[in-house]
Number of protein chains: 2
Amino acid sequence: MAADEPSTGLLLFLPYRALENRVLAALTAAGFDDVTPAQARLFQRIGPEGTRLTALAEQAQVTKQTAGALVDHLERAGYVRRVPDPSDARARLVRIAERGLEALPIAAAVVAEVEAEWLVHLGKRRMAQLRGALHALREITDPYA
Amino acid sequence: MAADEPSTGLLLFLPYRALENRVLAALTAAGFDDVTPAQARLFQRIGPEGTRLTALAEQAQVTKQTAGALVDHLERAGYVRRVPDPSDARARLVRIAERGLEALPIAAAVVAEVEAEWLVHLGKRRMAQLRGALHALREITDPYA
DNA sequence: TGACATCGTCAGCTTCTCTGACTAATTTAG
DNA sequence: CTAAATTAGTCAGAGAAGCTGACGATGTCA
């Protein structure tokens, strides 16, 4: 199967997984060892002003029940806080809390570090081509673009 | 967080997820509705001559116990078969069985279809640039390249 | 006002994934 | 050539992740 030409899907997945692993490893090393991959995938979609549970669930493509359970864990660990949504009494906004704010710069630093490594390996030109093509691809693969 | 520039990681992930969704949906529609995403991710790494459980586990980055449980399900559903490994009496090779062979062309067709859509959207030049950059990236992100 | 949709939670269940411990076979060291 | 260390796989137990279905509360719209 994987013998001849690897599908573009696999080629996309490999660097994505490598980056995610690096970020999770760095967080663990920095003492944020109670974040699981699934929690991190949800967490990274929280906007600066907070985001509704339903919105998080949609973007992460999980049910709102699953998202709720993940937010429960994140909240108990101090990474996020649920606050009332002023615009809708049914809803609540998931906001990044103290511990989450502490973890953010670490994650951002690793992402920057890995992207810098990729830039060195690919060269400026090919890195720009890669990002350009990925941006274009997003238009037809991201329901939220 | 996701406000300004999306990380290359997210940009890689979005099309990957879109492709995976399409493949799973097509399999389900074709009657292969008993394959889960985790099982499919393992299945796709089985080589033409069969692959050892440990090798599958490493490539999918799960423990061999997890891989074993996934293969159990795949085997019960008829997608794979475990056969003795002639070169090592401890080991067994996971081989694609009848039902798995039937599913393969369907998956391959969807992958081809999606890649064709991407080609249309990106154009020949940018698609080639994308694959070129991803191939290069594989060298530093795939432990099995 | 009433019908319908949306936001979130509770409950119950399956699948995924891990750690730890173990057997059997292979490889390596002395 | 035996003894120790390594490797392949399984069993057992546990927690996390994910789903469907049902529900109360709020919001929207005719």
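Letters go in sequence order (proteins before strands), and every chain restarts at 1.
- With rounding to the nearest 0.5 angstrom, the CG atom of B:Leu56 is 11.0 Å from the CD atom of B:Gln44.
- In this structure, the separation between OH on B:Tyr16 and CG on A:Leu12 is 9.5 Å, given to the nearest 0.5 Å.
- In this structure, CG of B:Leu42 is placed 12 Å from P of D:dG9, rounded to the nearest angstrom.
- B:Glu75 and B:Arg82 are joined by a salt bridge, as a carboxylate oxygen and a charged side-chain nitrogen come within less than 4.0 angstrom of each other.
- Atom CD of B:Gln39 and atom P of D:dA17 are 19 Å apart (whole Å).
- If you check the side chains of A:Gln39 and A:Asp34, you find no donor sitting under 3.5 Å from an acceptor.
- Residue B:Asp88 is classed as a sugar-phosphate contact, given heavy-atom separations below 4.0 Å to backbone atoms only.
- Within 4.0 Å (heavy atoms only), B:Thr36 reaches sugar-phosphate atoms of the nucleic acid but no base atom.
- For A:His73 and D:dA17, the shortest distance from a side-chain N or O to OP1 or OP2 is below 4.0 Å.
- Residue contacts shown for A:Thr54 are limited to sugar-phosphate atoms, with no base heavy atom under 4.0 Å away.
- Contact between the side-chain N/O atoms of A:Thr63 and the OP1/OP2 oxygens of D:dG18 is not found at any separation under 4.0 Å.
- Checked by atom type, the side-chain pair A:Thr51/A:Arg45 shows no donor-acceptor distance below 3.5 Å.
- One atom, CG of B:Leu56, and another, P of D:dT10, lie 12 Å apart when rounded to the nearest Å.
- Classification of A:Arg22 and A:Glu113 as a salt-bridged pair holds, one side-chain N sitting under 4.0 Å from a carboxylate O.
- With respect to the salt-bridge test (charged N to carboxylate O, under 4.0 angstrom), the residues B:Asp85 and B:Arg95 do not qualify.
- Distance, B:Leu24 CG to D:dC19 C1': 15 Å, rounded to whole Å.
- Heavy-atom nearest nucleotides on DNA chain D were determined for B:Arg52 and for B:Asp72, and the one closer to the 5' end corresponds to B:Arg52.
- We find that CZ of B:Arg92 is positioned 9 Å from C1' of D:dT10, with the value rounded to whole Å.
- Note: CG (B:Leu93) to P (D:dG9) measures 8 Å, nearest angstrom.
- For B:Arg90, no side-chain nitrogen or oxygen approaches OP1 or OP2 of D:dT6 to under 4.0 Å.
- When the nucleotides C:dC7, D:dG18, D:dG9 are ranked by their closest atom to the side chain of A:Ala91, C:dC7 comes out on top.
- Judged by closest nucleotide on DNA chain D, B:Gly68 is the one of B:Gly68 and A:Ala89 placed further toward the 5' end.
- For A:Arg41 and A:Glu20, the salt-bridge test passes: some basic side-chain N is under 4.0 Å from an acidic carboxylate O.
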Between the protein and nucleotides 20-22 of chain C, which nitrogen or oxygen pairs are less than 3.5 angstrom apart?
| unit_1 | atom_1 | unit_2 | atom_2 | d |
| --- | --- | --- | --- | --- |
| C:dG20 | O6 | B:Gln65 | NE2 | 2.6 |

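- Whole-Å rounding puts the A:Arg41 CZ to C:dC16 C1' distance at 12 Å.
- Look at B:Arg82 and you'll find a side-chain N or O under 4.0 angstrom from OP1 or OP2 of D:dT10.
- Atom CG in B:Asp34 sits roughly 11 Å away from atom P in C:dT15 (whole-Å rounding).
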